[in-house]
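Scope of the values below: all heavy atoms of this structure, side chains included, with no hydrogens, waters or symmetry mates. Everything quoted here is computed from the prediction, not taken from an experiment. When a ligand or atom number is given, it counts from 1 through the structure's own listing order.
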Amino acid sequence: MQKLKIRGGKPLFGTVSVSGAKNAAVGILPAALMAGGGCVIENLPDIEDVRLFMDIFRKMGADVEFDGTSMNISGEGMRNPKADFELVGRMRASYYLLGSMLGRFGRAEVALPGGCFIGVRPIDLHIKGMEALGATTWLERGVLMAEAPKGLKGADIYLDTVSVGATINIMLAAVWAQGQTIIANAAKEPHVVDVANFLNCIGASVRGAGTDVIRINGGRELRGCSYAIIPDQIEAGTYMIAAAAAGGDVTVRNVIPTHLEAVTAKLMEMGYSVTEGDDGREFYMQVRSDGQRPRGVNVRTLPYPGFPTDLQQPIMALLTRNKDASQVYETIFEDRFKHVPYLCRMGAEISVSGRVATVYGVDGLSGCPVTATDLRAGASLVVAGLMAEGVTAIANVDYIDRGYENIEGKLRSLGADVERTDN
Ligand code: EPZ
């Protein structure tokens with residue numbers, strides 16, 4: 001494991017460009033394995049989850065070449081729908097191989113997923129969807145087995161909880177099911193729409209993505225295509241929050257402003273200047289801050305278009321200096337406050353009761369050794385380190401590398417004093 005060392009207290013100035021969306025990439029790559037011929041996927045982020053998928057796909061017999069931005073991927077050579085147990089257990093999104101392999105081969109063998117420990121994170125809705133389409137599923141020594149020897153048949157599926165993963169996984173399988181599948185109470189996140197757009201690009205018929213009812217007419221031939229991933233709204237939001245926290249004037253480029261409305265509104269409510277613009281080639285968000293303490297605000301995480309749970313941890317770091325007391329209500333995951341003890345070690349005053357954290361404002365934070373416990377907890381500690389007086393050493397930065405491409409390079413380009421060292 002490696003460390004990031006940040007000497008805080010320096011305002012950030014300049015421009016940072018956002019990479020492709022992690023949570024779109026991890027849905028689109030397993031989908032690309034379903035297309036006859038090869039796909040070219042552009043604007044991929046060079047992050048751990050993408051590289052881990054490459055290893056998994058190669059072990060399954062796929063051809064994969066990645067240059068750090070574009071991937072040539074073909075599942076033509078695949079004969080084995082079984083994913084490597086150890087590799088699959090290292091990420092959450094490996095569960096998408098369930099839908100894509102079940103659809104393509106009529107069988108899938110995928111170890112139960114790993115990923116950030118922010119709650120129990122069951123996959124009962126994924127299984128409910130596969131079984132509704134006609135598959136039989138069972139657990140065999142930690143491996144989720146699924147098979148549909150007679151093929152899949154379209155069904156009406158209601159998701160009891162809005163689930164990004166279940167929505168995408170069911171879409172992947174449903175494109176192979178004969179007839180129409182309806183997913184009701186579907187997730188509406190931008191990455192759900194991006195996966196649906198990709199599926200249509202390879203020849204599927206997916207309608208309604210971005211609303212809470214998605215209709216898939218399955219059984220169509222799937223052929224390879226070239227496709228560019230959308231920008232990562234969580235990475236973009238993280239840099240917007242970092243700019244407000246450290247102070248300065250930062251332009252975050254290669255964004256889709258509508259995907260950032262919740263975090264833009266919240267930063268403006270806190271008293272920061274956030275403006276949107278475009279230079280004729282791409283959209284950008286500009287955040288200006290004189291490092292002032294934010295107004296106290298309440299944050300409630302909700303499915304899109306609500307405030308994203310993935311930015312709850314980063315924005316809490318900014319809130320540690322708020323002028324009043326703020327409540328952060330995490331409605332999506334039951335255990336997504338593991339960053340709180342480390343923020344308190346840096347001088348924050350936060351009390352947690354169940355899913356609600358109350359953040360009492362302090363004048364400032366002090367740098368010290370801390371540890372990333374999950375991806376966005378790590379991002380929270382980066383924001384705190386940029387604000388803090390002195391040096392913050394963040395251990396387990398490999399968690400951060402799962403979702404942020406070249407984080408120290410991008411921060412250094414904004415004037416931050418940050419370096420990566422071995423633990
Ligand atoms: C995806 O996780 C993202 N991960 C998460 O991002 C993100 O926080 C989350 O969606 C919510 O937006 C990927 O896309 C790889 P869910 P996922 O299914 O699919 C419950 C990050 O930091 N649920 O939408 O696991 C679940 O427990 C990561 O980038 C069931 O009960 O999230 C949770 O309470 C962290 N049964 C709620 O639904 C199920 O079968 C939402 O989970 C599935 C989910």
Q.
Under the rule for salt bridge (charged side-chain N to carboxylate O under 4.0 Å, His left out), what residues qualify as partners of Arg420, not counting sequence neighbours?
A. Asp401, Glu408
Q.
Can you work out which protein residues put a heavy atom within less than 4.0 Å of ligand 1?
A. Lys22, Asn23, Val26, Arg92, Ala93, Tyr95, Ile118, Arg121, Pro122, Ile123, Asp124, Leu125, His126, Thr161, Val162, Ser163, Val164, Gly165, Thr309, Asp310, Ile332, Phe333, Arg336, Leu375, Arg376
Q) For Thr301, does its backbone N or O pair with a side-chain atom of Thr331 as donor and acceptor, under 3.5 Å? A) yes
(Q) When you measure from the side chain of Ser100 to the backbone of Tyr96, do you find a donor-acceptor pair of N or O atoms at a distance under 3.5 Å? (A) yes
Q. At what distance, to the nearest 0.5 angstrom, does CD1 of Ile241 lie from CE of Met387?
A. 11.5 Å
Q.
Could you work out, with side chain to side chain contact (heavy atoms under 4.5 Å, CB included) as the rule, every residue matching Pro294, not counting sequence neighbours?
A. Met270, Tyr272, Leu318, Arg321, Asn322
Q) Tell me the ring pair (Phe, Tyr, Trp, His ring centres under 6.0 Å) pairs involving residues 175-200, sequence neighbours left out? A) Phe198-Tyr227
